Amino acid sequence: MDTTDLVLAIIHHLLVFSLAAIIGAEFVLIRGDLPAATLKRLAGIDGHYGIIAALIIIVGIGRVFWGLKGWEFYVHNWVFWAKMAAFGIVGLLSIIPTVRFISWNRQASTNPAFAVPAAELASVKSYIRAEGAIFLLIPVFAAAMARGYGI
Ligand code: HEM
């Protein structure tokens with residue numbers, strides 16, 4: 001029994017589900033009408049993205065070093081690095097939506113007639129769809145690496 005491993009695993013799971021919820025919420029909200037209140041909500045939800053992602057990195061690294069298997073298990077495991085790459089790509093894909101949400105929210109708060117430009121909306125939708133698709137790969141890699149695939 002290793003309490004540190006258990007606690008890290010629990011926090012890791014809670015955080016990754018929170019990140020999935022954030023991506024899911026953005027996916028749904030971006031499809032409806034985008035009045036100022038929704039833009040504010042999107043910017044607010046998205047603000048938590050960075051915090052949760054940073055906590056996942058800290059707790060994930062904690063699992064690598066203080067988990068049951070030891071860091072040597074992961075550093076030479078290509079499935080672990082595939083998981084890291086997928087997580088990095090999801091992070092990169094989230095940059096444009098974040099920039100747009102902040103900009104739209106700022107414009108909507110100063111100009112009541114502001115409407116999100118159709119081209120910008122279409123591109124943000126594509127980025128969020130891609131984020132969601134790549135995110136789905138992460139638990140696939142996680143489950144495989146945890147069972148010794150990739151060594
Ligand atoms: C820097 C980022 C991350 C690091 C360093 C990291 C590291 C780890 C480590 C060391 C484990 C333990 C695996 C084992 O039992 O041998 C794990 C498990 C897991 N990770 Fe991550 N992780 C990260 C991000 C994520 C993200 C974004 C997700 C999102 C889905 C995720 C989902 C999971 C799942 C579902 C497991 C449990 C796998 C299982 O036991 O079947 N991880 N992670």
Side-chain angles (χ1 to χ4, degrees), residues 1-34 37-106 108 116-117 119-151:
M1 296 282 181
D2 185 320
T3 314
T4 306
D5 183 70
L6 173 66
V7 170
L8 287 170
I10 291 169
I11 299 172
H12 191 65
H13 279 88
L14 293 177
L15 289 169
V16 300
F17 281 119
S18 304
L19 198 63
I22 286 176
I23 295 174
E26 292 185 356
F27 187 81
V28 171
L29 283 175
I30 197 85
R31 300 175 87 83
D33 293 335
L34 292 173
T38 306
L39 293 177
K40 193 172 177 197
R41 183 172 291 168
L42 271 168
I45 290 171
D46 196 67
H48 290 86
Y49 188 111
I51 300 165
I52 301 284
L55 290 173
I56 289 177
I57 292 169
I58 293 166
V59 175
I61 291 172
R63 292 195 78 183
V64 169
F65 286 100
W66 297 299
L68 284 182
K69 292 170 182 147
W71 62 270
E72 302 89 346
F73 177 87
Y74 303 104
V75 284
H76 304 298
N77 183 324
W78 70 263
V79 181
F80 169 76
W81 291 110
K83 182 183 157 183
M84 292 301 101
F87 184 56
I89 292 168
V90 170
L92 290 176
L93 288 168
S94 75
I95 293 173
I96 299 283
T98 297
V99 170
R100 293 284 185 235
F101 292 149
I102 293 169
S103 158
W104 295 344
N105 185 38
R106 194 174 295 148
V116 172
E120 288 183 10
L121 180 59
S123 105
V124 167
K125 276 184 183 171
S126 310
Y127 276 106
I128 293 177
R129 217 175 292 131
E131 259 181 73
I134 308 277
F135 188 86
L136 291 179
L137 293 174
I138 303 177
V140 175
F141 290 138
M145 87 180 177
R147 282 152 191 82
Y149 290 89
I151 296 171

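Bear in mind that the values here come from a model prediction, so they are computed numbers and not experimental data. Counting starts at 1 for both ligands and their atoms, in listed order.
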- Item | Of all pairs that satisfy side chain to side chain donor-acceptor pair (under 3.5 Å), the ones with a partner from residues 7-18, not counting sequence neighbours | none
- Which residues satisfy the side chain to side chain donor-acceptor pair (under 3.5 Å) test with Thr98, sequence neighbours excluded? Asp46
- Message: Filter on ring pair (Phe, Tyr, Trp, His ring centres under 6.0 Å), then keep only pairs touching residues 80-100, sequence neighbours left out; what's left?
- Response: Tyr74-Phe80
- Closest non-hydrogen atoms of Leu15 and Ile52, given as atom of the first, atom of the second and distance, are O-CG2, 3.5 Å
- For Ala25 and Ile45 the tightest heavy-atom approach is CB-CD1, 4.1 Å
Show the short N or O contacts, below 3.5 Å, that ligand 1 makes with protein N or O atoms; if there are none, say 'none'.
{"unit_1": "ligand 1", "atom_1": "15 (O)", "unit_2": "Lys69", "atom_2": "NZ", "d": "3.1"}
{"unit_1": "ligand 1", "atom_1": "16 (O)", "unit_2": "Lys69", "atom_2": "NZ", "d": "2.5"}
{"unit_1": "ligand 1", "atom_1": "16 (O)", "unit_2": "Tyr74", "atom_2": "OH", "d": "2.6"}
{"unit_1": "ligand 1", "atom_1": "20 (N)", "unit_2": "His12", "atom_2": "NE2", "d": "2.8"}
{"unit_1": "ligand 1", "atom_1": "20 (N)", "unit_2": "Lys83", "atom_2": "NZ", "d": "2.6"}
{"unit_1": "ligand 1", "atom_1": "22 (N)", "unit_2": "His12", "atom_2": "NE2", "d": "3.0"}
{"unit_1": "ligand 1", "atom_1": "22 (N)", "unit_2": "Lys83", "atom_2": "NZ", "d": "2.7"}
{"unit_1": "ligand 1", "atom_1": "41 (O)", "unit_2": "Arg147", "atom_2": "NH1", "d": "2.8"}
{"unit_1": "ligand 1", "atom_1": "41 (O)", "unit_2": "Arg147", "atom_2": "NH2", "d": "3.4"}
{"unit_1": "ligand 1", "atom_1": "42 (N)", "unit_2": "His12", "atom_2": "NE2", "d": "2.8"}
{"unit_1": "ligand 1", "atom_1": "42 (N)", "unit_2": "Lys83", "atom_2": "NZ", "d": "2.7"}
{"unit_1": "ligand 1", "atom_1": "43 (N)", "unit_2": "His12", "atom_2": "NE2", "d": "3.0"}
{"unit_1": "ligand 1", "atom_1": "43 (N)", "unit_2": "Lys83", "atom_2": "NZ", "d": "2.6"}

- Closest approach of Pro117 to Trp104 (non-hydrogen atoms, all atoms of both residues): CD-NE1, 4.3 Å
